[in-house]
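This report concerns only the one structure given below.
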Amino acid sequence: MQSFKISKTLVHISMEFAQTILNWYNIYKRELPWRGESDPYKIWISEVILQQTRVDQGKSYYYKFVENFPKVSDLANADEDFVMKCWQGLGYYSRARNLQFSAKYITKELNGEFPNSYKKLLELKGVGPYVAAAVASIAFQEKVAAIDGNVYRVLGRIFGIDKAIDTSAGKKYYQQLGNELIKNSNAGDFNQAVMEFGALHCSPKQPKCESCPFSENCIALRDNKIEQLPVKSKKVKQRDRFFHYLLVNSNDEIMIGKRTGKDIWNSLYEFPLVETPQKMEPEAFLSSEYFPEKLKSCNLNWKGVQNMKPHILSHQRIHAQFYEFEIEGELPVFGEYSVIKKKDIANFAFPRLIELYLTNSHKMG
DNA sequence: AAATCGGGGGC
DNA sequence: GCCCCAGATTT
């Protein structure tokens with residue numbers, strides 16, 4: 001807060017900051033599907049979709065959700081596989097499961113009355129400080145700052161904050177600063193304005209400092225620290241994984257199973273999967289201990305294998321191969337997998353990696 | 001506090 | 001390749 005003249009009080013600073021950012025917002029804000037929405041349920045949907053997700057990527061999913069589940073009770077009563085199918089391709093699939101879990105909670109336990117405060121919203125599964133603040137401010141005008149990646153960047157730069165955004169002390173500091181700045185504003189507009197400013201003007205790379213309404217007061221600009229702020233302390237490391245998908249086909253049927261557990265892609269479907277600790281060539285894999293005994297003994301006809309380019313996730317590089325088998329007659333009972341008609345395959349939600357394979361192999365015939 | 005959970009886009 | 005995106009939960 002040293003960026004403003006020392007004689008100014010916090011009230012003056014917050015009013016000046018808010019007025020500047022709201023002026024900018026009124027001129028440059030984008031038209032977005034959820035802009036002007038007053039239904040807290042739909043605002044909630046939009047905010048969950050937009051977690052760690054760009055607006056351009058989330059838009060079509062927002063339309064899909066409000067169309068298929070126009071009310072919270074529609075989402076509560078929907079088939080889980082259909083909800084996951086609507087989320088397919090968006091990533092972080094626990095968001096979809098938690099969304100429906102909380103929709104059931106609101107519908108059944110709260111008699112359909114949507115939580116109407118920051119504190120009550122925080123009790124929903126999948127709702128953290130950001131979403132609770134966003135919904136509370138936009139739907140209920142509660143004066144609580146929604147601190148997302150954009151806001152960290154905008155405040156971090158303008159106020160020259162040296163606290164790291166991925167520490168609890170840093171998060172607390174930013175939240176308190178935001179809560180001061182929002183005090184004299186329409187909370188919903190204020191939060192959306194700061195985020196929009198971060199997305200369009202104070203961007204991570206090549207921010208438009210030359211035309212910035214805060215250029216006179218921005219500490220980062222003054223000290224030439226635009227590239228360094230906001231401060232982050234952690235670094236992510238990736239691990240390699242080696243997946244062998246087994247396509248067990250008959251004429252018109254194929255084997256799939258639903259993933260459970262704490263690994264990636266929980267609640268999505270997949271083909272029988274074997275993971276090996278290191279890279280293995282197809283021939284070596286097929287005659288190895290890793291290839292399931294149950295399948296060795298049932299007269300599989302190996303048609304070929306398709307090698308995918310590494311599938312890159314935030315913490316993993318997945319090297320996948322798809323083995324195509326044909327089998328005469330009935331498909332065997334195998335593990336937790338079940339047999340479906342190939343024509344029904346589009347009803348199930350698959351990871352992007354499998355979707356890519358299906359698209360490719362379909363194209364190739 | 002650190003690790004994990006996806007997928008896509010910009011450079 | 002690296003960084004980041006209208007973050008939250010688990011360990």
Side-chain angles (χ1 to χ4, degrees), chain A residues 25 29-30 32-35 37 43-62 84 87-99 101-102 121-135 137-138 145-154 156 164-172 174-175 178 188 190-200 202-207 227-228 230 232-239 241 259 261-268 310-318 349-356:
Chain A
Y25 181 62
K29 67 181 170 192
R30 293 168 288 185
L32 298 176
W34 46 87
R35 200 77 94 196
E37 179 59 60
I43 296 169
W44 172 51
I45 297 287
S46 74
E47 295 301 344
V48 173
I49 285 175
L50 291 174
Q51 286 172 36
Q52 296 292 285
T53 304
R54 290 170 199 277
V55 165
D56 288 333
Q57 191 187 358
K59 264 187 193 173
S60 65
Y61 289 86
Y62 176 77
M84 298 312 293
W87 200 270
Q88 174 178 306
L90 195 54
Y92 288 157
Y93 296 93
S94 66
R95 291 184 290 172
R97 290 194 311 275
N98 289 337
L99 213 44
F101 181 93
S102 293
L121 284 158
L122 264 186
E123 295 175 14
L124 300 178
K125 193 175 284 189
V127 172
Y130 166 75
V131 171
V135 176
S137 64
I138 298 170
I147 312 292
D148 76 333
N150 292 306
V151 180
Y152 280 124
R153 188 169 54 254
V154 172
I165 65 176
D166 50 4
T167 63
S168 49
K171 287 173 187 166
K172 185 175 177 185
Y174 274 91
Q175 184 71 57
F190 177 93
N191 280 332
Q192 293 184 79
V194 183
M195 292 189 280
E196 191 78 337
F197 185 72
L200 299 183
C202 192
S203 42
K205 309 281 184 182
Q206 296 170 327
E227 302 280 339
Q228 284 80 346
K232 257 158 292 186
S233 57
K234 299 180 180 61
K235 50 256 163 197
V236 293
K237 41 188 146 199
Q238 285 190 321
R239 63 181 169 128
R241 300 178 74 176
R259 287 178 70 84
K262 296 179 179 174
D263 203 353
I264 54 171
W265 301 326
N266 183 15
S267 304
L268 271 59
H311 190 68
I312 309 297
L313 305 179
S314 297
H315 294 78
Q316 310 184 17
R317 280 181 302 268
I318 297 176
F350 292 96
R352 192 78 182 107
L353 171 61
I354 293 180
E355 193 64 22
L356 282 173

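Please read all numbers here as calculations on a predicted model, not as lab measurements. Every chain is numbered from 1, with letters handed out A, B, ... down the list of sequences.
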Nucleotide B:dG10, atom C1' - distance to NZ of A:Lys205 in whole Å: 9 Å

Separation between the C1' atoms of C:dC5 and B:dA1, rounded to whole Å: 23 Å

Watson-Crick or G-U wobble partner for C:dC5, using a 3.5 Å limit on both distances? B:dG7

Once you round it to whole Å, what is the distance between C1' of B:dG7 and CH2 of A:Trp87? 12 Å

When you look at A:Val55 and A:Trp34, which way does the side-chain contact (heavy atoms from CB on, under 4.5 Å) test go after all the steps? CA-CA 11 Å; A:Val55 165; A:Trp34 46 87; 4.1 Å; yes

Please work out if A:Asp263 contacts a base, only the sugar-phosphate, or nothing of the nucleic acid, heavy-atom cut-off 4.0 Å. sugar-phosphate

If you draw a 6.0 Å radius around NZ in A:Lys172, do more than 12 non-hydrogen atoms from other residues or ligands fall strictly inside? no

Can you tell me how far C1' of B:dT4 sits from NZ of A:Lys234, to the nearest Å? 13 Å

Interatomic distance at P, C:dT11 relative to B:dG6, whole Å: 14 Å

Using atom C1' in both nucleotides, what's the gap between C:dA8 and B:dG9 to the nearest angstrom? 23 Å

Could you give me the CA-CA distance, side-chain angles and deciding distance for A:Ile45 and A:Leu99, then say whether side-chain contact (heavy atoms from CB on, under 4.5 Å) is met? CA-CA 8 Å; A:Ile45 297 287; A:Leu99 213 44; 4.0 Å; yes

Is it the case that A:Gln51 and A:Tyr130 place a side-chain donor and acceptor less than 3.5 Å from each other? no

Can you see if the side chain of A:Gln316 gets near the phosphate of B:dC5 - specifically, an N or O under 4.0 Å from OP1 or OP2? yes

Smallest separation among heavy atoms of A:Ala199 and A:Arg30, with atom names: CB-NH2, 3.9 Å

Residue mapping more 5' on DNA chain B - nearest nucleotide basis, A:Asp166 or A:Leu90: A:Asp166

Test log, rule side-chain contact (heavy atoms from CB on, under 4.5 Å), inputs A:Leu268 and A:Ile354: CA-CA 11 Å; A:Leu268 271 59; A:Ile354 293 180; over 6 Å; no

Distance below 4.0 Å between A:His311 side-chain N/O and B:dG7 OP1 or OP2: yes

For A:Tyr25, is the OH atom crowded, meaning more than 12 foreign heavy atoms sit under 6.0 Å from it? yes

Please encode protein proximity along nucleotides 5-11 of chain C as a string of B, S and -, counting only heavy-atom distances under 4.0 Å. BBBSS-S

d(CD, A:Glu355; P, B:dG8) in whole Å: 10 Å

Sorted by position of nearest nucleotide on DNA chain B, 5' first, the leading residue of A:Thr167 and A:Arg239 is A:Thr167

Could you check how far CD1 of A:Ile312 sits from P of C:dC3, rounded to whole Å? 14 Å

Same-atom distance (P) from B:dA3 to C:dA6, integer angstrom: 25 Å

